**Q** 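Before I ask anything, let me first share the structure, which is written out below as structure tokens.
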Amino acid sequence: MRVYADNAATTRMRDSALKAYVETAQKFYGNPSSLYTVGQEAKSLLEDCRAEVAAVLGAQPKEITFTSGGSEADNQAILSAAHWGKLKGKTKIISSAIEHHAVLHTLNKLKKEGFEIVLLPVGSDGIVRLADLERELDDKVCLVSVMFANNEIGTLQPVEEIGKLCRERKVLFHTDAVQAVGHTAVDVGKIGCDYLALSAHKFGGPKGVGALYVRQGAPLYPLIEGGAQERGKRAGTENLPAVRAMAVALREAADTLPETERKVSALRDRLIEGLEKIPHCALNGDREKRLAGNVSFCFEGIEGESLLLLLDDRGISASSGSACTSGSLDPSHVLLAIGRVHDVAHGSLRLTLSADNTDEEIDYIIEQVPAVVQYLRNMSPVWRDLQEGKRKYIL
Ligand SMILES: *Cc1c(COP(=O)(O)O)cnc(C)c1O
């Protein structure tokens with residue numbers, strides 16, 4: 001059996017999106033900046049897509065800028081707010097310890113340029129505390145950037161409460177909603193954010209396209225200079241087939257959202273209950289405030305990488321920590337932030353489900369993971385020490 005359970009890394013393109021992609025590439029090949037009919041038809045389709053994306057998010061079309069994906073959207077939001085902050089003499093940015101590297105590495109760059117960066121801790125539940133944010137919100141702050149949902153442990157952050165605090169203090173608020181859009185209800189008005197990043201390939205659209213919502217009036221500066229596309233905020237001939245496929249995928253995701261969330265969270269709950277029976281393991285992240293498709297565990301006495309490879313041999317595609325950290329030996333910053341010690345953080349497994357997964361696939365994972373964990377533990381010197389009482393169990 002082949003089971004794809006790594007939907008937080010990327011998703012299979014929806015059939016509707018693939019069809020829209022091909023059709024657009026074939027029929028709307030004109031350059032939207034060209035003045036003749038073929039160009040203007042492409043321009044008109046581009047604006048229809050903008051309206052569609054805006055409608056799903058509760059935004060106005062002119063508040064949507066198309067980008068090459070989530071990373072670019074995060075970079076542009078943060079660097080724009082920072083640039084504006086510098087002009088106003090506000091050089092403090094508050095974010096969280098569990099952000100995606102697209103946010104954390106951008107903040108690191110700003111730190112080297114003299115910005116004060118405060119990363120809020122999270123509780124063992126993987127959620128930031130509003131009191132911690134409130135304490136840091138002083139008149140030096142230009143931006144708060146806290147993600148909507150975490151990509152490794154699936155935890156949902158209190159973005160509406162954060163948005164309210166930021167509005168009261170007149171501080172810009174960016175949320176990386178890449179894991180949330182298309183998977184749970186996202187409304188920019190309810191969140192009260194100034195910036196929101198999304199990426200098509202996380203909800204059944206193509207790779208290499210995304211969008212940044214920018215509230216009307218919030219500062220926005222281009223990262224890429226050139227032509228006047230995207231109202232002068234993002235140069236480069238628009239990737240219309242990808243934008244159209246994204247809009248189609250997002251519309252389909254939005255229209256089927258409640259039933260998908262219900263179906264996927266039922267699969268998730270059954271998988272969690274099945275894997276929880278493995279001795280000396282722990283679920284990562286809050287049990288309730290998490291994405292419908294996210295299952296993340298730490299197993300004591302094993303290496304997540306070996307677990308992944310053996311699961312792959314058995315046809316299961318999963319992940320250990322985030323895809324971006326694989327290849328590095330550092331344990332996930334997210335697992336460390338929720339208090340997992342290094343050894344335990346190394347034994348992590350993330351399974352992220354979609355509506356394509358079936359009950360049979362969940363049964364198969366529930367059968368295979370305990371067997372592979374046991375196999376690895378039997379070979380592990382750490383596990384032997386634990387069993388012989390030479391080391392104390394942590395989980
Ligand atoms: C995938 C992801 C990104 C990056 O999006 P790309 O479109 O792959 O650049 C950013 N943030 C989060 C939370 C993600 O999961």
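FYI, side chains are in, hydrogens and waters are out, and symmetry mates aren't considered; it's all heavy atoms of this structure. Computed from a predicted structure; not experimentally measured. For ligands, and for the atoms within them, numbers begin at 1 and follow the listed sequence.
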**Q** Taking atom OH of Tyr375 as the centre, report whether more than 12 heavy atoms of other residues, nucleotides or ligands fall under 6.0 Å from it.
**A** no

**Q** Would you indicate whether Lys289, at its atom NZ, is surrounded by more than 12 heavy atoms from other residues, nucleotides or ligands within a distance under 6.0 Å?
**A** no

**Q** Quick one: which ligand 1 atoms are inside 4.0 Å of a heavy atom on His201?
**A** 6 (P), 7 (O), 8 (O)

**Q** Quick test: of every protein heavy atom, which one is nearest to atom 1 (C) of ligand 1, and how far off is it to 0.1 Å?
**A** Lys202 NZ, 1.4 Å

**Q** Counting heavy atoms only, which of His101, Glu152, Met147, Gln179 is nearest atom 15 (O) of ligand 1?
**A** Gln179

**Q** If you compare all heavy atoms of Ala82 against all heavy atoms of Phe115, which two are closest, and at what distance to 0.1 Å?
**A** O-CZ, 3.3 Å

**Q** Purely on distance, is any nitrogen or oxygen of Ser68 under 3.5 Å from one on ligand 1?
**A** no

**Q** Pick from Arg234, Arg231, Arg50: which one makes a side chain to side chain contact (heavy atoms under 4.5 Å, CB included) with Thr65?
**A** Arg234

**Q** If every non-hydrogen atom of Thr11 is compared with every non-hydrogen atom of Lys207, which pair is closest and at what distance?
**A** O-NZ, 3.6 Å

**Q** Could you tell me, atom by atom, which parts of ligand 1 come under 4.0 Å of a heavy atom of Gly69?
**A** 7 (O)

**Q** In terms of atom number and element, which parts of ligand 1 are under 4.0 angstrom from non-hydrogen atoms of Val178?
**A** 1 (C), 2 (C), 3 (C), 10 (C), 11 (N), 12 (C), 14 (C), 15 (O)

**Q** Output the list of atoms in ligand 1 that are nearer than 4.0 Å to some heavy atom of Ser71, sorted by atom number.
**A** 4 (C), 5 (O), 6 (P), 9 (O)

**Q** When you check the side-chain N and O atoms of Glu261 and Ser265, is any donor under 3.5 Å from an acceptor?
**A** no

**Q** Atom 6 (P) of ligand 1: which protein heavy atom is closest, and how many Å away?
**A** Gly70 N, 3.5 Å

**Q** Quick test: of every protein heavy atom, which one is nearest to atom 7 (O) of ligand 1, and how far off is it to 0.1 Å?
**A** Ser199 OG, 2.6 Å

**Q** Keeping Thr106 on the side-chain end and Ala102 on the backbone end, is there a donor-acceptor pair under 3.5 Å?
**A** yes

**Q** For the pair Glu113 and Lys109, find out whether any cationic side-chain nitrogen is under 4.0 Å from an anionic carboxylate oxygen.
**A** no

**Q** Tell me which one of Glu99, Glu72, His100 gets a heavy atom nearest to atom 3 (C) of ligand 1.
**A** His100

**Q** Please state which option from Thr67, Asp74, Asp176, Asn150 has its nearest heavy atom closest to atom 11 (N) of ligand 1.
**A** Asp176

